[in-house]
Amino acid sequence: MTQSNSRTLFKGCTIITMDRATAAPPVGDVLVEGDRIAAIGTDLSAVDAQVIDASGSIVMPGLIDAHHHMWLGAMRRMMPDVDDLFAYIGVVFETLGAHYRPLDMHLSTKLTALACLDAGITTVIDACHSARSPEHTDAALDALDSSGLRALHMVGAAMDKGASAAHIPADLERLAAKWNQGDGLVRVGLFGQFNIDWWRAARALDMRILTEFIGDLATLGPAFDEPGLLGSHNIFNHCTRLPEETWKRLAAAGVNVTVNPRSDALFGFDDEGFAWQQAVDHGLAPALGIDLDTAFGSDLFGEMHALFGQQRSAMRYRRFRGEESVPAPISVEAVLQSATVNGARAAGLKDRIGRLAVGCQADIVMVRTDDVAVFPITDAVGTIVQAVERSNVDTVMVAGGIRKRGGTLVGVDLPKLQAEVNGSLGHLLQASGYRPGRSGTGAKAA
């Protein structure tokens, strides 16, 4: 992890600000001083600045992954075809997760964090439903802190039957005192599901609260209308197949909604109502999350592709079957807003990240456009949403510190990390007796 330079100048780039109040020139510069954006314009002074030649590149806000189970890093693509939620739970929690040591938590979280940075993701809401002990939580937080990623780590109970959650919510006070003071990149919240006592404890500590919400698997009972419990500090993920009265309730409370286009389709959570569209129709600002690495990779470009295609497919299906007043097809601008501005709001950082504006944190991504699949650039936002891949991400900056430069992560020993993660996976397989099969059809060893 590098420290922030006193001044860094991105020179001669196409600029996407995602900020309505900040007009960018067709070709311009972005000046960073310390951890903040100091100026956006043309011919900016480069005195005492590290100059990054950004000609022929797009400079934009860092992407924000608003829901990711980062502790699953060692299980990458173990169940790529799974469509049964309970089969997934059986492998991920009951079989392998039950054998996670703090070391495994650290390595998986570190792997996911670095993969996110490599793909231009500068902030992640880390949905950790595997806080098996305070030591496991500390291991995950240390991995996030050392990676240089900006993260909101949501502490949640492990889901296997043998796990204890006796340390939650008591441990939240210790964690808040260590991580939620000052302006650090890593903060802590609660993955609380529908445990109202945990919600109360989190609110007393001014923590954000995450809840996975699928309409035909759970309900939000009237007890949660208790004053102070439901509001802008809440993050509801998935939000598929929710009844109209629930949508009205969430909208009235001003909660945050996150959707995961690929995993919602993988497990069959969503329908033609389309949770992203339902959120928009009720005045909410849905953000995007990757959800899990057991099927996908740490790549928000894939989620943007899926969101664009799925919304258009769902809305056109409704139109062609004769519905009236069907929402308009999604735009690339709306997709990128979900991956930046809306994610910042979900993380509680809407005034600090998700856009390029003077005074905002310098969470910046520079994307090369000289790839044969990318040029020529006729629409910068359309290029990012529809054409760019992680291989085009040249430079990544978080709070003024450069985490990736020239297409390579800075200060990361990948061979060492690979050996450590392979060792972690080996431990999990040996301890559990699980043998992954082709396309996730694994089983316990005889």
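The salt bridge (charged side-chain N to carboxylate O under 4.0 Å, His left out) search around R352 returns none, not counting sequence neighbours. Here R187 pairs with nothing under the salt bridge (charged side-chain N to carboxylate O under 4.0 Å, His left out) rule; sequence neighbours left out. Partners of W179 under the ring-ring contact (aromatic ring centres under 6.0 Å, His included) rule, at least two apart in sequence or in another chain, do not exist in this structure. Among residues two or more places apart in sequence or in another chain, the ring-ring contact (aromatic ring centres under 6.0 Å, His included) test is passed with H238 by F269. Taking the ring-ring contact (aromatic ring centres under 6.0 Å, His included) definition, one finds that F301 meets it with nothing, sequence neighbours left out. W276 meets the ring-ring contact (aromatic ring centres under 6.0 Å, His included) test with no other residue; sequence neighbours excluded. Residues forming a side chain to side chain contact (heavy atoms under 4.5 Å, CB included) with L425 (at least two apart in sequence, or on another chain): M78, L429.
Contact record, W198 with A165: CH2-CB, 3.9 Å, taken as the closest heavy-atom pair. Closest non-hydrogen pair, L149 versus T123, comes out as CD1-N, 4.1 Å. V124 and C116 get closest at one heavy-atom pair: CG2-SG, 4.0 Å. When every heavy atom of A314 is checked against every heavy atom of F274, the shortest pair comes out as CB-CB, 4.3 Å. For the pair A339 and L300, the tightest heavy-atom approach, listed with the atom from each and the gap, is CB-CD2, 3.8 Å. Here the closest heavy-atom approach between residue H167 and residue A131 is recorded as NE2-O, 2.8 Å.
In terms of modelled atom types and a separation under 3.5 Å, the side chain of R403 and the main chain of G148 share a donor-acceptor contact. Between the side chain of R405 and the main chain of L409, no donor-acceptor pair closer than 3.5 Å is present. A donor-acceptor contact shorter than 3.5 Å links the side chain of R208 to the backbone of S232. No donor-acceptor pair closer than 3.5 Å links the side chain of S338 to the backbone N or O of A287. With hydrogens and angles ignored, the 3.5 Å screen pairs no side-chain donor or acceptor of D142 with any backbone N or O of A139. No donor-acceptor distance shorter than 3.5 angstrom exists from the side chain of E212 to the backbone of Q193, with no hydrogens or angles considered. Under a 3.5 Å cut-off, the side chain of D171 and the backbone N or O of P134 do not form any donor-acceptor pair. Q181 places a side-chain N or O within 3.5 Å of a backbone atom of A176 that can act as its donor or acceptor partner. Within the 3.5 Å criterion, the main-chain N or O of V47 finds a donor-acceptor partner in the side chain of R7. Not one N or O on the side chain of R101 forms a donor-acceptor pair closer than 3.5 Å with the backbone of H427.
Between M60 and L336 the shortest side-chain heavy-atom distance falls below 4.5 Å. A heavy-atom distance below 4.5 Å is not found between the side chains of T369 and N392. Between L152 and L210, the closest side-chain pair of non-hydrogen atoms is not below 4.5 Å. In this structure, I290 and R262 have side chains that are in contact, with non-hydrogen atoms separated by less than 4.5 Å. N180 has its side chain out of reach of L205: every pair of non-hydrogen atoms, C-beta onward, lies at least 4.5 Å apart. Residues L242 and L250 have side chains in contact (heavy-atom distance under 4.5 Å, counting atoms from C-beta outward). Between N260 and L266 there is no side-chain heavy-atom pair separated by less than 4.5 Å. Side-chain atoms of I330 and M315, non-hydrogen and from C-beta on, never get closer than 4.5 Å to each other.
The distance from atom CG of L63 to atom CD1 of I384, rounded to the nearest 0.5 Å, is 8.0 Å. One finds the CZ atom of R345 at 11.5 Å from the CD atom of Q337 (value rounded to the nearest 0.5 Å). With rounding to the nearest 0.5 angstrom, the CG atom of N256 is 11.5 Å from the OG1 atom of T211. Distance CG/L220 to CG/L230: 6.0 Å, rounded to 0.5 Å. Remark: T340 OG1 to L288 CG distance equals 9.5 Å, nearest 0.5 Å. M79 contributes atom CE, which lies 10.0 Å from atom CG of L292 (distance to the nearest 0.5 angstrom).
Pairs of residues two or more places apart, or lying in two chains, that qualify as salt bridge (charged side-chain N to carboxylate O under 4.0 Å, His left out) and include a residue from residues 369-378 are R368-D370. Applying the ring-ring contact (aromatic ring centres under 6.0 Å, His included) rule to pairs touching residues 113-139 yields H69-H129, W71-H129, F93-H129, H129-F191, sequence neighbours excluded. The list of side chain to side chain donor-acceptor pair (under 3.5 Å) pairs with a residue in residues 107-121, not counting sequence neighbours, reads Y100-S108, D118-R390, D118-K404.
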Donor-acceptor pairs under 3.5 Å, side chain of residues 353-363 to any protein atom, not counting sequence neighbours: which ones?
{"residue": "R355", "atom": "NH1", "partner": "D19", "partner atom": "OD1", "Å": "2.6"}
{"residue": "Q361", "atom": "OE1", "partner": "R150", "partner atom": "NH2", "Å": "2.9"}
{"residue": "Q361", "atom": "NE2", "partner": "D35", "partner atom": "OD2", "Å": "3.2"}
{"residue": "D363", "atom": "OD1", "partner": "R150", "partner atom": "NH2", "Å": "3.0"}
{"residue": "D363", "atom": "OD1", "partner": "A399", "partner atom": "N", "Å": "2.8"}
{"residue": "D363", "atom": "OD2", "partner": "R150", "partner atom": "NE", "Å": "2.8"}
{"residue": "D363", "atom": "OD2", "partner": "R150", "partner atom": "NH2", "Å": "3.3"}

Under 3.5 Å, sequence neighbours excluded: what are the donor-acceptor pairs made by side chains of residues 410-424?
{"residue": "D413", "atom": "OD1", "partner": "K416", "partner atom": "N", "Å": "3.2"}
{"residue": "N422", "atom": "ND2", "partner": "Q418", "partner atom": "O", "Å": "3.3"}
{"residue": "S424", "atom": "OG", "partner": "D104", "partner atom": "OD1", "Å": "2.6"}

Next on the checklist: side chain to side chain contact (heavy atoms under 4.5 Å, CB included), that's the test. Do D145 and L185 meet it? Break it down for me.
Outcome noted: CA-CA 7 Å; D145 189 45; L185 294 181; 5.8 Å; no
Item to check | Verdict with reasoning, I364 to M366, per side chain to side chain contact (heavy atoms under 4.5 Å, CB included) | outcome: CA-CA 7 Å; I364 296 173; M366 186 179 96; 5.7 Å; no
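Side chains of S133 and E135: a donor on one and an acceptor on the other come within 3.5 Å. In this model, no donor atom of one side chain and acceptor atom of the other lie less than 3.5 Å apart for D270 and T240. In this model, a donor atom of one side chain and an acceptor atom of the other lie less than 3.5 Å apart for N237 and H67. The closest side-chain donor-acceptor pair between H68 and D293 falls under 3.5 angstrom.
Classification of D53 and K11 as a salt-bridged pair fails, no side-chain N sitting under 4.0 Å from a carboxylate O. A salt bridge links R174 with D138; the closest basic N to acidic carboxylate O contact falls under 4.0 Å.
Summarising the local packing, CD of E272 is surrounded by more than 12 heavy atoms from other residues, nucleotides or ligands at distances under 6.0 Å.
No option in F236, W247, F224 other than F236 meets the ring-ring contact (aromatic ring centres under 6.0 Å, His included) test with F213.
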